[in-house]
Asker: 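Please read through the structure below; I'll follow up with questions.
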Amino acid sequence: SELRYITIDTTSNTSDFGEFSQYMPWQGAGCSNGTRGLIIGGYGTHGNQYASYVTIGSLGNATNFGVFNSFSSPYALQQCGAWCDGGRAIRMGGSGNYFAQYVDRKWMDYVQIATTGNSTEFGQMAEPHMQSCCAGDLERVVIAGDSSGMSGTDGKVTMEYVTMATKSNSSDFGDYSNDGIGGAAGTSNNTRGIFAGNRGANPGSPGVNTNHIEYVTLMSIGNAQDVGDLSATRIQSNGSMTSSTRMVMQGGINPSAVNT
């Protein structure tokens with residue numbers, strides 16, 4: 001239930017920030033407006049639909065924010081994507097409890113990050129997205145990835161986007177250039193969106209973990225382009241973050257859990 005932090009532009013180990021206020025948000029999603037950090041959902045014994053928040057500039061424990069319950073589901077919101085445009089924080093896709101039907105993977109809902117409260121319906125995506133990640137700017141957010149089924153096979157190549165200020169269903173953005181993306185980490189510097197580390201697979205074949213890094217230009221609809229490789233193969237990273245010049249991703253599976 002720990003919260004840890006780093007200073008992005010300085011290489012170092014993590015330091016203690018505080019504690020979570022509710023369930024441990026394993027496989028939850030996070031986003032921020034630069035002042036407040038929001039942690040959404042996650043997997044627990046009975047799962048959770050809760051969100052907690054912290055004030056990034058002040059060390060301390062997380063505080064309850066509200067519930068992401070715009071769509072009917074008795075189980076956790078886990079393996080979802082999230083992004084914040086500075087005002088709205090949106091939750092995209094995800095799944096129910098590990099032992100339940102994956103009933104939530106097309107749904108999107110949002111909150112105003114500066115005001116605690118429960119979520120409001122945003123729209124639906126054309127494709128289901130689980131083990132997904134987001135990258136965006138102050139106007140648009142792109143979601144990539146889906147690993148269908150508990151074995152994590154059949155990674156999808158499709159990417160979709162929405163304009164954050166307008167509630168709507170998603171539109172097609174383009175395709176990931178490799179053979180599928182699921183379990184990747186995503187982030188951006190408000191110009192370029194990066195997706196790193198994923199489980200790719202041809203339909204019906206076992207999932208293959210990769211070290212791929214690809215990017216999109218957020219305001220130009222199109223396919224992702226290769227930008228390089230991670231130093232090691234990893235999937236299901238615990239998230240990623242950026243400054244204007246540096247991206248950091250941490251944790252994940254390679255093939256067992258890693259803490260780097």
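Keep in mind it's a predicted model, so treat the numbers as computed, not measured.
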Asker: For the residue pair Ala196 and Leu230, what are the closest heavy atoms and their distance?
Answerer: CB-CD2, 4.0 Å

Asker: Tell me yes or no: between the side chains of Ser243 and Asp9, is some donor less than 3.5 Å from an acceptor?
Answerer: yes

Asker: Hydrophobic clusters here meaning ILVMFWY residues chained together by side-chain heavy-atom distances under 4.5 Å, can you tell me if Leu138 and Val141 are in one?
Answerer: no

Asker: Could you tell me if the side chain of Val216 sits less than 4.5 Å from the side chain of Met159, heavy atoms only?
Answerer: yes

Asker: Quick one: list whatever passes side-chain contact (heavy atoms from CB on, under 4.5 Å) with Asp172, sequence neighbours left out.
Answerer: none

Asker: Keeping the roles fixed (side chain from Trp83, backbone from Arg88), state whether a donor-acceptor pair exists under 3.5 Å.
Answerer: no

Asker: Same cluster or not: Leu3 versus Leu59, using hydrophobic residues (I, L, V, M, F, W, Y) connected whenever any side-chain heavy atoms lie under 4.5 Å apart?
Answerer: yes

Asker: For Ile113, does its backbone N or O pair with a side-chain atom of Arg36 as donor and acceptor, under 3.5 Å?
Answerer: yes

Asker: For residues Asn33 and Cys84, report the shortest heavy-atom separation together with the two atoms involved.
Answerer: CB-SG, 3.8 Å

Asker: So do the side chains of Gln225 and Glu214 get within less than 4.5 Å of each other, counting heavy atoms only?
Answerer: no

Asker: Pick one: which of Ile213, Leu218, Thr217 meets side chain to side chain contact (heavy atoms under 4.5 Å, CB included) with Tyr215?
Answerer: Thr217

Asker: What distance do Thr158 atom OG1 and Phe173 atom CZ have between them, rounded to the nearest 0.5 Å?
Answerer: 12.5 Å

Asker: How long is the gap from CD on Gln112 to OG1 on Thr120, to the nearest 0.5 Å?
Answerer: 8.5 Å

Asker: Working to the nearest 0.5 Å, report the span between OG of Ser168 and OH of Tyr161.
Answerer: 9.0 Å

Asker: Which value, rounded to the nearest 0.5 Å, describes the distance between Tyr110 atom OH and Ile90 atom CD1?
Answerer: 9.5 Å

Asker: Do you know which of Glu127, Lys106, Gln124, Glu160 makes side-chain hydrogen bond (donor to acceptor under 3.5 Å, both in side chains) with Ser170?
Answerer: Glu160

Asker: Applying side chain to side chain donor-acceptor pair (under 3.5 Å), can you list everything that pairs with Asp16, at least two apart in sequence or on another chain?
Answerer: none

Asker: Report yes or no: does Asn223 contribute a side-chain atom to a donor-acceptor pair with the main-chain N or O of Tyr176 at less than 3.5 Å?
Answerer: no

Asker: Any side-chain heavy atom of Lys167 sitting closer than 4.5 Å to one from Met108?
Answerer: no

Asker: Does the side chain of Asn61 come within less than 4.5 Å of Phe17's, by heavy atoms?
Answerer: no

Asker: Output all residues satisfying side-chain contact (heavy atoms from CB on, under 4.5 Å) with Asn189, sequence neighbours left out; order by chain, then residue number.
Answerer: Thr191, Arg192

Asker: Looking only at heavy atoms, which two atoms of Tyr53 and Asn64 are closest? And how far apart?
Answerer: CE2-O, 3.7 Å

Asker: Say whether, by atom type as modelled, one donor and one acceptor occur between the side chain of Arg140 and the main chain of Thr163 under 3.5 angstrom.
Answerer: no

Asker: So does Val67 get a backbone contact from the side chain of Asn118, meaning a donor-acceptor N/O pair under 3.5 Å?
Answerer: yes

Asker: Calculate, to the nearest 0.5 Å, the distance between atoms OG and CE belonging to Ser188 and Met247 respectively.
Answerer: 10.0 Å

